[in-house]
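Everything on this sheet refers to the single structure shown next.
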Amino acid sequence: MFLTLFLLPTLHLLHSVTSLPYSNGFYYNNLNGNGNGNGNEIYFNGVRLVVNTSDDLIFASRGTNITLPCHYAYEPKLSTPRKIRVKWTRVRSDNTKESDVLVAIGLKHRSFGDFKGRVHLQMNEPHEVSLVITDLRLEDSGRYKCEVIDGLEDESGIVHLELRGVVFPYQPHHGRYKFNFHEAKEACASQDATIASFEQLFKAWEEGLDWCNAGWLTDGTVQYPITLPREPCGGKDMAPGVRSYGNKHRHLHRFDVFCFSSSFQGKVYYLQHPDTLNFQDAVKACEEDGATIAKVGQIYAAWKFSNLDRCDAGWLADGSVRYPISRPRLNCGPPEPGVRNFGFPDKNEEYGVYCYKMS
Ligand SMILES: *[C@@H]1O[C@H](CO)[C@@H](O)[C@H](O)[C@H]1NC(C)=O
Ligand SMILES: *[C@@H]1O[C@H](CO)[C@@H](O)[C@H](O)[C@H]1NC(C)=O
């Protein structure tokens with residue numbers, strides 16, 4: 001977009017135009033009442049504001065700090081610094097809703113919502129307005145818009161942030177297709193995870209996830225990933241892919257859910273204990289070890305990011321029994337790596353237990 005030279009309506013102003021100092025190839029004018037109100041708003045001709053972000057996907061892990069790069073420039077270059085405003089917003093996957101992350105004018109900035117106190121601008125280089133997000137959360141994945149506003153000119157670029165993570169299907173103890181959308185979100189949160197986005201499920205499908213039950217995603221659609229087409233899962237003749245039931249009613253319709261978990265500080269381990277334990281004793285045994293019983297999202301993250309591998313079934317916090325295999329072998333389930341699931345046995349049955357400790 002090109003800045004336009006303002007047509008000045010009165011002779012008086014025309015006079016001031018003709019007597020303007022000539023500098024750097026541009027006509028500077030004292031037209032005011034715009035923008036920062038200091039009377040130095042400058043209109044100039046043929047200068048372009050350019051905002052430059054990274055096209056590459058930026059990958060990060062939960063709990064770390066990340067910088068989303070953004071620079072701006074004037075083409076051709078200006079010799080005088082100009083006052084700008086910067087606005088970072090979060091762009092939702094449906095492309096409509098935006099929410100403010102940070103707004104900055106000069107050295108003052110303000111952050112919003114979940115980002116309050118967790119974001120600031122990095123201005124190490126001239127014309128740098130990168131966004132730093134500290135203590136990354138699972139929900140921070142997504143697209144961010146860097147917008148630079150100079151008077152009437154407004155340019156922006158998009159940065160795409162993805163957390164390294166793992167997607168897993170989840171259903172509760174009372175069986176298949178029991179969650180409405182809101183319960184699905186809560187279920188993931190209770191397992192130290194968040195409801196997965198379509199992009200996250202798609203990536204998991206590319207990496208081989210095959211699941212024949214449909215689950216909620218964060219955009220309110222219900223989908224399932226098929227790698228090996230077969231009759232009970234949408235038909236043998238359909239191509240592999242992520243199949244969608246489309247948008248479903250968030251209160252009335254019930255499905256499973258796909259959750260997303262990322263790496264974390266701390267560790268998950270199989271508790272060394274002389275006996276197998278019922279569920280209640282398993283919870284206690286972890287506590288006595290200075291830990292808590294592990295959640296489903298934690299065992300998936302440990303399996304994916306720490307190669308946790310243990311051929312012993314153990315209780316988890318939701319009352320399910322599972323075990324993580326990263327090196328498949330005889331008598332430890334199917335030939336693919338994965339977290340094996342025994343479902344939700346009676347709580348009096350005895351198994352081992354997986355604990356989680358903040359290290
Ligand atoms: C935009 O970014 C690229 C890569 O970081 C860099 O090579 C280029 O010079 C930048 N352009 C501007 C106008 O800042
Ligand atoms: C992230 O940034 C915060 C605040 O600047 C700092 O206290 C913290 O140590 C940083 N964390 C990491 C993992 O670098």
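For reference, positions follow the sequence shown, starting with 1. Because the structure is predicted, anything quoted here is derived from the model rather than measured. Indexing begins at 1, ligand by ligand and atom by atom, following the structure's order.
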TODO: Can you label the angle between the Tyr72 ring and the Tyr74 ring as parallel, tilted or perpendicular, going by 30° and 60°?
DONE: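 Answer is perpendicular, since the angle exceeds 60°.
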
Task: Parallel, tilted or perpendicular, as decided by the 30° and 60° cut-offs, for the rings of Tyr351 and Phe342 - done: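 Perpendicular: the ring planes of Phe342 and Tyr351 meet at over 60°.
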
- [ ] Output yes when a protein non-hydrogen atom is found under 4.0 Å of atom 11 (N) of ligand 2, and no otherwise.
- [x]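 Given the 4.0 Å cut-off, atom 11 (N) of ligand 2 counts as touching protein heavy atoms.
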
TODO: Using protein heavy atoms only, decide if any is under 4.0 Å from atom 2 (O) of ligand 2.
DONE: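 Yes, at least one protein heavy atom sits under 4.0 Å from atom 2 (O) of ligand 2.
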
Task: Beyond-backbone contact of Leu121 with His109, side-chain heavy atoms, under 4.5 angstrom - done: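 The answer is no, as the side chains (C-beta and beyond) never meet within the 4.5 Å cut-off.
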
Task: Residue and atom name of the nearest protein heavy atom (relative to atom 13 (C) of ligand 2), distance in Å to one decimal - done: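 Of every protein heavy atom, Gly63 O, 4.4 Å lies nearest to atom 13 (C) of ligand 2.
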
TODO: Taking only heavy atoms of Asn65 into account, list the atoms of ligand 2 that are under 4.0 Å away from them.
DONE: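 Per the distance check, 1 (C), 2 (O), 3 (C), 8 (C), 10 (C), 11 (N), 12 (C), 14 (O).
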
- [ ] Identify, by atom number and element, the atoms of ligand 2 in contact range of Thr134, meaning under 4.0 Å from any of its heavy atoms.
- [x]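 Listed by number with element: 2 (O).
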
Task: Under 3.5 Å side-chain donor-acceptor pair for Glu162 and His160 - done: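 Yes, His160 and Glu162 have a side-chain donor paired with an acceptor closer than 3.5 Å.
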
Task: Positive for side-chain contact (heavy atoms from CB on, under 4.5 Å) with Ile66, one of Val159, Leu163, Ile58 - done: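 By the side-chain contact (heavy atoms from CB on, under 4.5 Å) criterion, Ile66 pairs with just one of Val159, Leu163, Ile58: Ile58.
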
